[in-house]
*Asks:* 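There's a structure below that I have some questions on.
None of the values given here were measured: they were computed from a predicted structure. Just so it is clear, the values below take in all heavy atoms, side chains as well, and ignore hydrogens, waters and symmetry mates.
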Amino acid sequence: MSDVWFAEGVVLNLNQTAEGLSLHLTLSEFSHQALPGSVKGIEFRCSAVQQVDHSYYCPQGRLSIAESPYGGQQADMELNYIDSEHIEIKLDGLIIAQGGVSFDLTLKDSSWQLSLTGTDLNTDELRTLLPTDIIPQSWDLAGRLSIEAKLSGTASTLQQAEVRTEIKQLNYADEEGLQVAEGGSGNLHFKAEKRDQRWIGSARLLLDQGQYYSDPYYLDLTESPLNLTLKGDWSAKQNQLHLKQADLQWLPTVAVQGSAQIDLTELALQQASIEFATDHLDQLYQSIIQPMVIGSMADELEITGGIEGEMELVDGEVTLFRSELKSIDVDDLRGVFALYDLHGLLAWSNRENGHASHFDVQKGHLYQIPHGPLSVNLQALPNGISLLKPLDIQLLGGHIIIDRLEAKNLFYGSPEWETGAEVVNLSLQKLSTAFDWPILSGELNGRLPRMHYQDESLDFDGALQVDVFGGRIEVEQLKIKQPLGRVPELFASAELTGLDLEQITRTFSFGHIEGGLEGKVNDLHLLNWEPVAFQAQFNSPEDDDLPHRISQRAVDNLTSIGNGVGGSLQNTFLGIFKEFRYNRIELRATLDGDLAELGGIDHPDGGYYLVKGAGLPRIDVIARNRRVAWKTLVERLKNIRVEGMEVQ
C-alpha cells in the first residue's frame, strides 16, 4: 500500500504441491491513481510460482475480475511481485469495447510504465470510457479502432506518452447533422514529453479515406488524402498551445505550412503565420472557399489555376495577406462574368498605407459581352481598395474608362464604393449581336462622373447617351439595387429625341413606317429585369419634316397592340393598298404592377387614335381598350408579326 495505490481484502494462499508452489490471491478491491476507477472481485491463480526470498514470479497465471471500469474480465496474466513497491504485470486476452486488449504494467515506488495494445475496438462502446466532452453521447458513432500506447509517469501524473492509432469504417453524425463522417479511415501518431510545466511533442495525422462534413465545409478524401504534421509545445499553467511547425498536405489540392499560438482556455488564435500553395483552385474553392461565401456573388463560380502566398493573423484576425495568382480562370455559373488567364500579385495588410497589387487578365466577359485584356493596379487598404491607375476596359469596339475607384467596408461593415466612368463609342451592332438581338446601328456614349454603391444600391450621376436610329436616347436617374444579386432592381427615366421610324421598322421588320419619333419613359422600375412600373409616351414630333407613311402590315401590328386583333385590312377594299399616309402616331402606356393603362390621341367618339390618318385613302388605327392586364399586353406583343425578334 502506498499513496498512489490501495488494496483491500487481500488474501494470499501459498501451497506446496508435488508440482511446486501454487498461489491463490484474492482482493476485494484494488485502485491506482493511473486507473479511471477501482477494480473489484479480483482472483488470481497460479499453479507454478517461483519464489526468491520475498519475491514471487508467476509466468502463467489466470486472472478473473468481477467488476471494473471495463466490465468483468478473464485473462492470462504474468505476475512478478518483487515487493509492495515494485510489481510487474502482463495481461493478455482482455475484452474491452468488443476488441482484444493486452498490456504490460510496471509499478515501482511512485513511478509507473504502461504498454498497451488494443485491436479492433468498437468506437461507440469505447467512448463510454472517455470523458463526455470528448465525444458527446448524443452523437451517432461507429467504427473500429486499433491502438498502441506507451505511457509513463509518477503517481497520477503522466510524464511521457507515445500513441499510435488506426481507425477504419468511421461514421459519425451529431443531432443537427452539422458534423458528419462516412467511410472514414486513417491513422494518428502522437509523441510527447513533459518538461517542467510544458509538454513538448509532435503529431502526425493521415486521413486517407472517407467523406467529412463540418458545417459549412465538406471534404472528400477518397482520391486526395489529408496529411497533417504538427510540432510544438503546450503550457499547462497558461493552457497555451504553441505550434512551432505545422505542415498540411492535401494532395493534390493544397499545401500549407505555418506556426501558431493558441489560447486553449478561450479557444482563441493569438498569432499565426501561414504559407500556402495550390495548383488546384477548383478543389480548394469547392471545399473551403465556396462554403464561406454562400449567399454572395462569389458562391457560384467555376475556378481553375493556382495560387501561392502567405498570411498572418493576430487575435484571430488577418493582418497580412499576399498571394501570387497563376493562370486563373473564373467563370460565374450564372453567366454574370468571366475572367481568363488571370495572373499577378494581390497584397493586403491592416496598415493604413496599404499594399500595391497588380494583376492582368487576358480576356473575359460581363454578362454576354466579351472584353479585351485588362491591367488592374490597386492599393489594398485595411478595409477597402483604391484604384491607382485608370482602368481601360475594351469592349464592343469601344471603351469604358474607369478613372477612379474608392471602396471601403469590404471586409466588415456595410460595403460602399464610389467610381467615375466614361463610355466611349460602344457599338450597338456588336451589343445586339452579343445578346442575339436584331442588328442595331449606332453607338453608346456617356459620362458618368459619379457612381456610388451603398446599402446594396448603385446610384448613377450623369446620363448615358445612346445614339441610335438616327436620333438619341438619353437615360437619367439610373439606380440599380442589388446589381449582382439574385433579384436586381433597376430604376431609371429616359428621353427619346430625333429617332427615325424608317430605321427602327427596317431593323425589326415590324412593318414599314416613315416619320420621326420622340418620347419619354418616366419612373421605369424593373424587378429581376422584368418591368413592374413605368409611364411612357411615344409620338410623332410636332415639327416633324419627314414623310409620314405606314404600311398595311404595320397598321395590322399596331391594331393588334391596341385591340388584341389584327389583320382586318385584308378583308376590306383597303387591303389592295400597301401603304397609307398618316398625320400623327401616339402611344401612351402606364404600368402599375399587373395592370397596364393604354392611351393615344383622344377620339371624339371614345377610344383613342394610335395612328391618325391623312389624305386618301385614309386609314385610322383606333383602339378601344384602355386597361389591359400586363400579361395580356405581353402576349399581344409576342403574337405580332415581327421578323428577326422574339418578344419575351
Side-chain angles (χ1 to χ4, degrees), residues 36-37 69-71 94-101 116-149 151 161-192 201-230 234 241 243 246-251 253-254 256 260 262 264 266-269 283-292 294:
Y70 315 106
L94 295 173
I95 303 299
I96 297 176
Q98 299 181 9
V101 175
L116 173 69
T117 300
T119 305
D120 202 29
L121 307 179
N122 182 293
T123 55
D124 188 32
E125 292 192 13
L126 187 62
R127 69 168 162 181
T128 61
L129 308 176
L130 302 175
T132 57
D133 56 349
I134 295 181
I135 304 177
Q137 297 296 318
S138 59
W139 285 30
D140 292 332
L141 177 64
R144 311 302 296 190
L145 177 73
S146 296
I147 183 171
E148 293 183 5
L151 312 175
E162 182 174 4
V163 180
R164 299 176 185 269
T165 64
E166 181 180 7
I167 193 162
K168 297 179 180 180
Q169 305 169 20
L170 176 63
N171 297 278
Y172 63 76
D174 67 352
E175 292 179 296
E176 294 80 16
L178 303 179
Q179 308 293 329
V180 180
E182 291 185 358
S185 70
N187 58 72
L188 170 68
H189 180 202
F190 171 81
K191 189 174 183 179
S202 62
R204 180 181 179 273
L205 172 67
L206 172 64
L207 297 176
D208 55 8
Q209 289 290 330
Q211 298 171 315
Y212 300 83
Y213 176 72
S214 180
D215 186 54
Y217 304 108
Y218 170 77
L219 300 180
D220 187 346
L221 304 182
T222 304
E223 298 181 357
S224 301
L226 186 148
N227 196 329
L228 176 64
T229 302
L230 302 174
W234 170 60
L241 177 63
L243 294 177
D247 296 311
L248 174 66
Q249 295 288 331
W250 183 17
L251 301 176
T253 304
V254 65
V256 178
I262 304 172
L264 297 180
E266 300 295 333
L267 293 179
L269 180 62
Q283 297 183 33
L284 181 64
Y285 170 79
Q286 294 169 11
S287 299
I288 304 299
I289 300 175
Q290 188 178 37
M292 300 172 61
I294 289 177

*Asks:* I need the Leu228 CG to Leu226 CG distance, nearest 0.5 Å.
*Replies:* 6.5 Å
*Asks:* Can you tell me how far apart CD1 (Ile147) and CG (Leu126) are? Round to the nearest 0.5 Å.
*Replies:* 8.0 Å
*Asks:* Start with the C-alpha distance between Asp215 and Tyr213, add both sets of side-chain angles, then the distance that settles side chain to side chain donor-acceptor pair (under 3.5 Å), and finish with yes or no.
*Replies:* CA-CA 6 Å; Asp215 186 54; Tyr213 176 72; 2.7 Å; yes
*Asks:* Look up atom OG1 in Thr119 and atom CD in Gln98, then write down how far apart they are to the nearest 0.5 Å.
*Replies:* 14.0 Å
*Asks:* Would you say the side-chain atoms of Arg164 pair up with the backbone N or O of Glu148, donor to acceptor, closer than 3.5 Å?
*Replies:* no
*Asks:* How far apart are the C-alpha atoms of Leu221 and Gln209, what are their side-chain angles, what is the distance that settles it, and do they pass the side chain to side chain contact (heavy atoms under 4.5 Å, CB included) test?
*Replies:* CA-CA 5 Å; Leu221 304 182; Gln209 289 290 330; over 6 Å; no
*Asks:* Tell me if a side-chain donor or acceptor on Asp247 pairs with a main-chain N or O of Thr229 at a distance below 3.5 Å.
*Replies:* no
*Asks:* For Asn187, is there any backbone N or O sitting under 3.5 Å from a side-chain donor or acceptor partner on Thr165?
*Replies:* no
*Asks:* Determine, stepwise, if the pair Tyr172 / Gln179 fulfils side chain to side chain donor-acceptor pair (under 3.5 Å).
*Replies:* CA-CA 8 Å; Tyr172 63 76; Gln179 308 293 329; 5.5 Å; no
*Asks:* Could you check His189 against Glu162 for side chain to side chain contact (heavy atoms under 4.5 Å, CB included), going step by step and ending with a plain yes or no?
*Replies:* CA-CA 8 Å; His189 180 202; Glu162 182 174 4; 3.1 Å; yes
*Asks:* Are there more than 12 heavy atoms of other residues, nucleotides or ligands under 6.0 Å from atom CD of Gln169?
*Replies:* no
*Asks:* Once rounded to the nearest 0.5 Å, what's the spacing between atom NZ of Lys168 and atom OG1 of Thr123?
*Replies:* 14.0 Å
*Asks:* Is the closest side-chain heavy-atom distance between Asp140 and Asp124 below 4.5 Å?
*Replies:* no
*Asks:* Does the side chain of Ser185 come within less than 4.5 Å of Asp208's, by heavy atoms?
*Replies:* yes
*Asks:* Does a side-chain heavy-atom distance below 4.5 Å link Leu188 with Val163?
*Replies:* no
*Asks:* Rounded at 0.5 Å granularity, tell me how far CD in Gln249 sits from CG in Leu206.
*Replies:* 12.0 Å
*Asks:* For Gly183, is there any backbone N or O sitting under 3.5 Å from a side-chain donor or acceptor partner on Asn171?
*Replies:* yes
*Asks:* Hey, does Arg204 have a side-chain heavy atom less than 4.5 Å from the side chain of Asn227?
*Replies:* yes
*Asks:* Does any non-hydrogen side-chain atom of Leu264 lie less than 4.5 Å from one of Trp234?
*Replies:* yes
*Asks:* What's the spacing between Ile95 CD1 and Leu121 CG if we round to 0.5 Å?
*Replies:* 10.0 Å
*Asks:* Ignoring hydrogens, what is the shortest heavy-atom contact between Tyr212 and Ala181? Give both atom names and the distance.
*Replies:* CD2-CB, 3.7 Å
